[in-house]
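Note that this is a predicted model, so its numbers are computed, not measured. The sequence lines fix the lettering, A, B, ..., with proteins before strands; numbering per chain opens at 1.
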Amino acid sequence: MNIFKLQAAKILSTNYPDLSQNLILDSFELPKNSEFGDMALPCFKFAKALRKSPIQIADDFISLFHGNELYESITNIKGYLNFKFSKTIYIKSVLDNYTNENIFAELSLFGKNKTMVIDYSHPNVAKNMGIHNLRSTIIGQSLYNIFESLGYKAIGVNHLGDWGTQFGKLMWALEKWSSIEEVEEKGILFLNENYVRFHKEAEKNPSMEDEARKWFKKLEDNDLDAVKWWKLFIKISMESYKKIYKRLDVSFDFVTGESFYIQFLAETIAKLETANLTEISEGALVVKFDESDNMPPCLLKKSDGATLYGTRDVAAVMYRLKVFNPDVILYITDIAQQLHFNQVFNIIEKYNPSSKGKLEHIIFGRLSFPDGQMSTRKGNIIPLNEVLDKARDKVLEILDEREVEVPDKYETAEKIGIGAVIFNDLSRGRIKNIEFDWDQILSFEGETGPHIQYSYVRMHNILERVKCSDTSEIDFSALTDEYSYELIKTLEQFSKKVIQAHDDREPSVIAHYLIELAKNFNRFYRNNRIIDAPKDVQDSRIHLVKILISVYGKCMNLLGLPIVEKM
RNA sequence: GCACCAUUAGCUCAGCUGGAUAGAGCAACGGAUUUCUAAUCCGUAGGCCAGAGGUUCAAAUCCUCUAUGGUGUACCA
């Protein structure tokens with residue numbers, strides 16, 4: 001906690017016993033315009049308790065601070081008490097806190113001894129990963145990073161879509177049109193092709209659907225041929241997904257697809273039946289909800305006895321609650337699945353009231369395409385690989401144009417391209433719908449990933465070029481310019497921003513904070529030469545940049561933005 | 001029909017638990033010791049915060065209704 005806030009709250013609450021220290025602490029805000037001051041206290045809400053006008057109150061408050069050396073000035077603007085801090089004290093107090101990375105250690109106490117399970121990415125096996133898989137994957141990974149940095153034990157789960165009739169379709173198709181060898185050789189795109197071909201031909205020949213169901217039944221009955229195909233699908237899919245996860249720097253603690261929970265289904269259903277939550281409706285086994293919940297029933301078993309998506313998710317939640325004993329479980333999916341998760345969570349909370357509040361569906365907006373819906377069945381998805389490749393190739397061109405000495409051009413271009421794609425997504429609020437647009441995803445100027453990376457390169461270059469003297473004797477009072485001051489004020493926000501990103505489950509908070517840091521740094525950079533500055537100024541500025549780069553780099557890590565040192 | 005989500009500058013978006021004159025980027029126009037890398041910085045212009053009510057000292061923010069768009073609504077995932 002900032003000493004300026006504490007001190008002011010203390011002084012005010014001792015003089016006005018009607019106002020508690022916490023009330024005052026909660027009332028502080030950042031002035032809209034930094035010219036007003038560094039911290040503001042709106043006095044309107046004190047008017048009732050003190051029976052005076054806000055302007056009068058602010059004037060009375062000011063008189064309590066005469067001669068206080070913490071504050072350079074305190075002014076009353078229309079009922080707002082605006083504090084300007086003593087710059088030297090403020091700078092020292094912020095930077096001391098950041099020296100030696102204290103701040104990261106302090107932050108990691110926030111979620112100490114807490115466990116968070118996060119279910120993200122979850123692509124459908126045998127389908128090529130497309131741009132539509134991007135959001136869940138990177139939002140999930142970023143939230144994982146954010147929770148972990150706050151000291152949580154984070155458990156990432158990739159709940160693969162590895163069960164269902166679609167595999168019967170593929171098996172039938174490949175038995176007929178191909179062979180194990182050919183599939184092994186040609187990989188996931190070949191699986192896609194056959195899936196598309198199946199649907200095309202099944203339109204003319206509906207009996208194929210029955211054949212597919214038979215094959216899926218064989219799989220459920222552990223038929224050797226069916227299992228052999230199924231295992232091959234998973235192997236091929238994972239090989240392909242791993243390449244993309246590696247590019248995006250995404251990893252999981254557990255890859256347990258839907259099929260993993262098949263073994264618990266009977267037990268899960270039995271538990272719900274024993275708890276009297278189920279009933280038979282129209283031949284199906286369902287859970288009905290209270291009228292006030294306004295939801296259709298959730299099907300656990302179809303009238304033919306087969307289980308569904310919902311059944312497997314209920315089993316998965318029960319398993320995770322039991323095995324990981326988490327404080328919270330996050331599910332990262334598209335908003336379209338909201339009803340589904342409301343149903344699943346509602347069932348779990350009925351069955352096990354102690355799980356209330358632990359389950360969260362973290363939704364994000366729909367991805368749409370200008371030329372209508374995409375669908376794997378029709379084969380018109382945009383492969384994620386292709387997006388990343390295009391981004392990289394465009395960067396390669398730009399690097400050539402710019403004639404900058406970059407040691408490993410291809411590798412650098414890859415990192416910048418990936419950064420652009422990730423930042424484009426994570427810099428907007430989760431809930432926003434996105435229309436896919438090549439120009440936008442490949443735009444590299446302004447508030448984009450490359451801009452964030454470029455600013456890092458500038459920081460890095462300074463530290464590389466200028467050797468700093470021993471940091472133990474830094475005189476921060478040499479940092480007198482407004483740009484340094486604004487930069488330090490932004491730096492101070494770090495913990496608050498990470499915690500806010502956690503509270504809102506919103507990586508874009510970090511993305512916007514990075515933009516803010518970059519903006520303040522670039523101003524600082526433009527206006528403050530470091531290389532030819534006097535020694536004491538140079539040292540203090542270098543020290544500031546060192547602190548900045550550690551915070552800035554940390555934020556990039558939280559989003560999964562690759563760090564580049566030359567570009 | 002019912003339910004959920006969204007709507008802020010020409011475009012893409014910020015706007016913290018209600019607080020001061022609603023902010024950025026892109027696009028447009030004008031500028032910056034050719035430098036610690038200009039993928040940068042500075043300036044100009046651009047707004048009835050979808051509309052109407054309500055709560056409040058104070059509403060882009062909270063509540064209600066309406067409009068528009070998106071999504072979901074029992075045997076797909």
Side-chain angles (χ1 to χ4, degrees), chain A residues 26-27 29-33 36 40 42-45 47-48 53-54 77-80 82 122 124 161 163-166 258 281-286 288 293-304 306-310 312-313 333-340 342-343 363 365-366 368 395 398-399 402 404-405 416 424 427-429 431-435 437 439-440 443-455 457-459 461-466 493 496-497 500 503-504 508-509 511-512 515-516 518-519 522-523 525-533 541 545 566-567:
Chain A
D26 285 345
S27 304
E29 49 191 58
L30 277 178
K32 261 220 152 83
N33 185 337
F36 292 158
C43 297
F44 312 101
K45 63 173 73 159
K48 229 173 214 166
S53 81
I77 307 176
K78 292 189 265 182
Y80 283 86
N82 286 298
H122 38 242
N124 285 327
W163 205 249
T165 340
Q166 71 270 29
E258 286 180 75
S281 171
E282 297 174 30
L285 183 73
V286 307
K288 286 194 174 166
D293 290 327
N294 205 345
M295 290 192 289
C298 177
L299 267 78
L300 296 176
K301 260 187 190 175
K302 302 199 275 188
S303 42
D304 67 2
T307 58
L308 292 112
Y309 180 35
R312 299 193 276 272
D313 265 331
T333 85
D334 192 301
I335 189 172
Q337 296 196 43
Q338 207 171 29
L339 173 61
H340 166 75
N342 277 341
Q343 291 178 322
I363 54 176
R366 298 278 295 176
S368 64
V395 175
I398 296 173
L399 283 175
R402 296 183 70 231
V404 179
E405 283 273 321
I416 297 172
N424 175 256
S427 62
R428 47 185 131 193
I431 198 67
K432 294 273 177 190
N433 286 342
I434 297 182
E435 181 165 314
D437 178 358
D439 288 340
Q440 197 181 344
S443 101
F444 298 155
E445 260 160 48
E447 295 173 344
T448 61
H451 173 236
I452 299 298
Q453 290 168 316
Y454 180 71
S455 302
V457 169
R458 285 182 147 181
M459 296 171 206
N461 278 351
I462 293 173
L463 297 180
E464 204 181 50
R465 292 279 295 267
V466 189
Q493 303 285 310
K496 189 179 140 195
K497 294 292 180 181
Q500 194 195 335
D503 291 347
D504 299 347
S508 70
V509 171
H512 287 111
I515 291 173
E516 205 54 37
K519 186 176 294 172
N522 280 312
R523 276 185 197 141
Y525 179 93
R526 174 86 188 147
N527 293 286
N528 291 332
R529 297 277 304 171
I530 291 181
I531 279 188
D532 4 280
R541 287 180 181 166
V545 173
K566 287 269 183 285
M567 68 187 272

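A59(B) atom C1' lies 11 Å from atom NZ of K32(A), rounded to whole Å. In this structure, the NZ atom of K519(A) is 8 Å from the C1' atom of G23(B), given to the nearest Å. Protein atom CD1 of I434(A) is 17 Å distant from nucleotide atom P of G70(B), rounded to whole Å. Whole-Å rounding puts the D334(A) CG to A6(B) C1' distance at 14 Å. One can place CG of N342(A) at 19 Å from P of C2(B), the figure rounded to the nearest angstrom.
Side-chain to base pairing of D313(A) with A77(B): no donor and acceptor N or O lie closer than 3.5 Å to each other.
Nucleotide C62(B) forms a pair with G54(B), judged by Watson-Crick or G-U wobble geometry with both contacts under 3.5 Å. Pair check for U68(B) finds A6(B); Watson-Crick or G-U wobble, both atom distances under 3.5 Å. The partner of U34(B) is absent, by the rule that a Watson-Crick or G-U pair needs both atom distances under 3.5 Å.
The closest side-chain donor-acceptor pair between N522(A) and S455(A) falls under 3.5 angstrom.
With U73(B), A77(B), G70(B) as the choices, the nucleotide that has an atom nearest any side-chain atom of R312(A) turns out to be A77(B). When each of A14(B), G72(B), G25(B) is scored by its nearest atom to the side-chain atoms of L339(A), the top-ranked nucleotide is G72(B). Closest to the side chain of V404(A), out of A39(B), G70(B), U37(B), is U37(B). Checking G72(B), A20(B), A77(B) against the side-chain heavy atoms of P31(A) singles out A20(B) as nearest. Distance from the side chain of P297(A) is smallest for A74(B) among the nucleotides A3(B), C4(B), A74(B). When distances are taken from the side chain of Y454(A) to each of A77(B), A39(B), C2(B), the shortest belongs to A39(B). Looking at the side chain of E445(A), the nearest of the listed nucleotides A24(B), C4(B), U40(B) is U40(B). Relative to the side chain of N461(A), the nucleotides C41(B), C2(B), U37(B) differ in distance, and U37(B) lies closest.
Contact annotation for I530(A): base contact, defined as any heavy-atom pair under 4.0 Å involving a base atom.
Residue K78(A) places no side-chain N or O under 4.0 Å from the OP1 or OP2 atom of A20(B).
A donor-acceptor pair is defined here as one N or O able to donate and one able to accept, closer than 3.5 Å; no such pair exists between the side chain of D293(A) and the backbone of M295(A). Judged purely by atom type and a 3.5 angstrom limit, H512(A) uses its side chain to pair as donor or acceptor with the backbone of S427(A).
A 6.0 Å sphere centred on CD of E435(A) holds more than 12 heavy atoms belonging to other residues, nucleotides or ligands.
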